[in-house]
Amino acid sequence: MAEGIGLFGSHRTGKTTLAREIAGKTAMDFVRTSTSEVFARNGLDPAEHLDFHSRIRIQHEVLEEAEKVWGVARGLFVTDRTPIDMMAYTMVDIGGTSYVEFSELKKYIDRCYNVTNRFFSCLLFLEPGIPIVYEKGKAALNRSYIEHLSVLMKGFSLDGRLKCPVRMMPGELLPLEERLAWVEKSIHELHIMS
């Protein structure tokens with residue numbers, strides 16, 4: 001059975017870079033998720049607002065793609081996205097006057113927690129802080145939007161349905177070597193690697 005260490009946080013927080021570095025310094029495999037590719041395959045732009053039906057449909061597809069790659073991992077792996085991220089991106093577009101089928105939303109959120117509990121040994125949250133760099137096909141580069149997502153993710157990580165431990169990386173921890181040291185310390189303290 002594969003066990004994952006999931007990095008989660010808003011876009012442009014360095015999750016992919018850090019996950020690759022962790023894999024390079026350990027015996028873990030880096031398992032990359034394909035959110036941008038799923039959006040592109042469906043002719044959608046992740047930086048654009050989506051109505052509820054479009055959003056929930058694409059988020060289910062994103063989760064299915066992630067389950068496939070996490071499901072074929074062997075042993076301990078590290079990944080650059082988790083279902084916590086996916087729940088936040090689903091919720092962020094919902095406003096006070098948004099049309100939402102709550103039963104569909106709840107079903108998706110429950111599914112995300114179940115997938116998280118099935119694949120992950122621990123989750124490591126990355127606060128926004130590193131310089132924001134534009135990259136084609138990624139979500140909107142708006143600092144307030146990024147902070148909004150970050151707050152949603154923190155809230156989801158406190159929910160009782162989540163069964164794996166969560167550690168929060170301080171936002172002021174910016175140099176890559178310091179981030180790596182923090183991850184190594186967290187993994188050691190959680191007894192993830194022997």
Between D85 and R81 (side chain of the first, backbone of the second, donor and acceptor by atom type, cut-off under 3.5 Å), is there such a pair?
no

Taking the side chain from T79 and the backbone from V31, do they hold a donor-acceptor pair closer than 3.5 Å?
yes

Tell me which one of L18, L7, L126 satisfies side chain to side chain contact (heavy atoms under 4.5 Å, CB included) with T13.
L126

Regarding H53 and E104, is there a side-chain donor-to-acceptor distance under 3.5 Å anywhere?
no

Apply salt bridge (Lys or Arg N to Asp or Glu O under 4.0 Å) to the pair R179 and E21, showing each step before the final yes or no.
CA-CA 10 Å; R179 288 174 147 223; E21 289 291 322; over 6 Å; no

Quick check against the 3.5 Å criterion: does T26 have a side-chain atom that pairs as donor or acceptor with the backbone of M28?
yes

Less than 4.5 Å apart, side chain to side chain, heavy atoms only: is that true for M87 and F156?
yes

Counting only N and O atoms by type, is there a donor-acceptor contact under 3.5 Å from the side chain of S186 to the main-chain atoms of W182?
yes

Can you say whether the rings of H11 and Y145 are parallel (under 30°), tilted (30 to 60°) or perpendicular (over 60°)?
tilted

Run through I146, L152, V151 and flag the one making a side chain to side chain contact (heavy atoms under 4.5 Å, CB included) with H148.
L152

Between F102 and F52, is there shared hydrophobic-cluster membership here, with clusters defined by ILVMFWY side-chain heavy atoms closer than 4.5 Å?
yes

May I ask you to say whether R41 pairs ionically with E65, meaning some side-chain N is under 4.0 Å from a carboxylate O?
yes

Under a 4.5 Å cut-off applied to non-hydrogen side-chain atoms, are K154 and M168 in contact?
yes

Using 0.5 Å steps for rounding, measure from the CD atom of E178 to the CG atom of L174.
8.0 Å

In the structure I gave you, are the side-chain heavy atoms of L63 and Y108 within less than 4.5 Å of one another anywhere?
yes

Are the side chains of I22 and I5 in contact, using a 4.5 Å heavy-atom criterion?
no

Any donor-acceptor pair under 3.5 Å linking the side chain of S98 with the backbone of V100?
no

Which atom pair, heavy atoms only, marks the closest approach of W70 to F77?
CD1-CE1, 3.5 Å

Note: K185-E189 ion pair, threshold 4.0 Å (strictly below):
yes

Taking every non-hydrogen atom, the tightest pair across P83 and V115:
CG-CG1, 3.9 Å

Do H49 and R55 have side-chain atoms, one donor and one acceptor, less than 3.5 Å apart?
no

Centroid separation under 6.0 Å, is that true for the rings of F8 and F125?
yes

Kindly indicate whether the side chain of V78, heavy atoms from C-beta on, has any atom under 4.5 Å from the side chain of D29.
no

Ignoring hydrogens and geometry, is there a side-chain-to-backbone donor-acceptor pair from K163 to G160 under 3.5 Å?
yes

Residue pair R57 / N42, side-chain donor-acceptor N/O under 3.5 Å:
yes

Nearest non-hydrogen partners of C164 and S121, listed with the distance:
CB-O, 3.7 Å

Is it the case that the side chain of T17 and the backbone of G14 share a donor-acceptor pair, with hydrogens and angles ignored and the cut-off at 3.5 Å?
no

Find out whether V166 and I84 are in side-chain contact, i.e. whether some heavy atom of one side chain is under 4.5 Å from a heavy atom of the other.
no

Do side-chain atoms of D80 reach the backbone of R32 as a donor and acceptor pair under 3.5 angstrom?
no

Would you call I109 and R161 a side-chain contact if the rule is heavy atoms closer than 4.5 Å?
yes

